[in-house]
Amino acid sequence: MLNNLLSSLLLALLSSHLLVVKGANHDVDLAGLTFSPDHLENVVAGDTVTFRFVSGDHTATQSTLENPCDHAPGGFDSDHVSPGGTYQITVNDTSPIWVFCETTNHCKEGMVFAVNPGSQLAQFQAAATGNDIGSTTSSSAQTSSAGSTSQAPTSSVSSVPGSSSSSSASASSTPNAGRTTVGDVSASVVGLAAALFGGFLTL
């Protein structure tokens with residue numbers, strides 16, 4: 001009876017870990033005066049976005065739709081990352097996330113990026129460079145601004161000094177070496193459970 005109880009507990013523990021699904025990763029390269037690609041669509045909760053600093057002096061800094069070249073209150077900021085470095089955010093929901101390079105004049109030269117921008121990408125890009133893309137877009141901007149303002153702090157920074165928090169994403173600078181992943185945890189749990197299970201069967 002004891003063996004049956006222990007077996008049930010171990011199976012429940014294994015199931016709870018094995019059902020965790022790691023989200024997809026999306027790579028974005030920063031080089032010259034561009035994010036490549038300049039936006040991502042259909043990014044879902046649990047996905048990660050890894051900013052790869054290929055060349056130049058750049059940042060990945062969160063902004064807002066209305067103020068593309070200003071750091072959003074509470075938003076993430078990679079600070080200046082040396083070429084070869086990376087910075088990763090984890091997306092917590094499907095709200096738009098607006099990003100720019102904070103290096104002097106880079107944003108005004110069009111160095112911006114967005115996650116799930118929908119139909120507002122052109123508006124965001126034009127606002128960054130100071131261009132007017134027409135009254136139709138301006139009208140849609142007014143319609144959407146109420147929602148985006150409340151979502152301005154759409155991300156949080158963790159594992160970075162001076163971090164701040166909100167709801168839609170979390171971010172951390174890498175390198176990725178030494179990070180424990182869901183797969184690592186699940187593998188450890190499976191190994192431990194197998195060892196314990198084998199030991200209990202011999203009782």
Side-chain angles (χ1 to χ4, degrees), residues 26-30 33-53 56-81 86-173:
H26 309 270
D27 289 328
V28 178
D29 292 340
L30 287 79
L33 289 173
T34 62
F35 289 86
S36 181
D38 63 1
H39 73 286
L40 297 169
E41 293 286 3
N42 303 315
V43 178
V44 299
D47 283 4
T48 56
V49 178
T50 301
F51 296 98
R52 304 189 301 189
F53 293 80
D57 179 23
H58 301 298
T59 75
T61 304
Q62 187 176 4
S63 64
T64 64
L65 177 63
E66 294 81 5
N67 298 292
C69 299
D70 293 331
H71 187 185
F76 62 78
D77 182 11
S78 69
D79 207 348
H80 294 271
V81 179
T86 62
Y87 181 78
Q88 187 176 83
I89 64 171
T90 299
V91 175
N92 294 330
D93 60 39
T94 57
S95 300
I97 299 174
W98 312 102
V99 185
F100 74 108
C101 176
E102 202 168 26
T103 301
T104 304
N105 292 328
H106 283 197
C107 180
K108 295 187 183 302
E109 292 290 332
M111 192 169 183
V112 293
F113 168 80
V115 176
N116 296 331
S119 62
Q120 298 173 314
L121 180 63
Q123 174 189 338
F124 177 63
Q125 293 170 329
T129 58
N131 294 324
D132 182 4
I133 59 173
S135 58
T136 300
T137 304
S138 296
S139 175
S140 67
Q142 293 176 1
T143 301
S144 65
S145 63
S148 62
T149 300
S150 64
Q151 298 166 3
T154 54
S155 302
S156 65
V157 179
S158 60
S159 303
V160 179
S163 64
S164 54
S165 62
S166 61
S167 61
S168 293
S170 59
S172 62
S173 63

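From His26, atom NE2 reaches atom OG1 of Thr48 across 7.0 Å, with rounding to the nearest 0.5 Å. The CG atom of Leu65 sits 10.0 Å away from the CG atom of Leu121 when rounded to the nearest 0.5 Å. Within the model, atoms OG1 of Thr94 and CG of Asn92 stand 11.0 Å from one another, a figure rounded to the nearest 0.5 Å. Once rounded to the nearest 0.5 Å, the distance linking NE2 of His106 with CZ of Phe100 reads 12.0 Å. The CG atom of Asp27 sits 4.0 Å away from atom CZ of Arg52, with the distance rounded to the nearest 0.5 Å. Here the CH2 atom belonging to Trp98 is positioned 12.5 Å from the CG atom belonging to Asn67, to the nearest 0.5 angstrom.
In summary, the side chains of Asp70 and Ser63 do not present any donor paired with an acceptor at a separation below 3.5 Å, with no hydrogens or angles considered.
Side chain of Glu41 to main chain of Gly118: a donor-acceptor pair is present (N/O by atom type, distance under 3.5 Å, no hydrogens or angles). Thr59 places a side-chain N or O within donor-acceptor distance of the main-chain N or O of Glu102, the cut-off being under 3.5 Å. One N or O on the side chain of Asn116 and one on the backbone of Asn42 form a donor-acceptor pair closer than 3.5 Å. The main-chain N or O of His71 is never found under 3.5 Å from a side-chain atom of Thr61 such that the two would form a donor-acceptor pair.
Using bins of under 30°, 30° to 60° and over 60° for the plane-to-plane angle, the ring pair Phe35/Phe51 lands in the perpendicular bin.
SG distance check for Cys107 and Cys69: under 2.5 Å.
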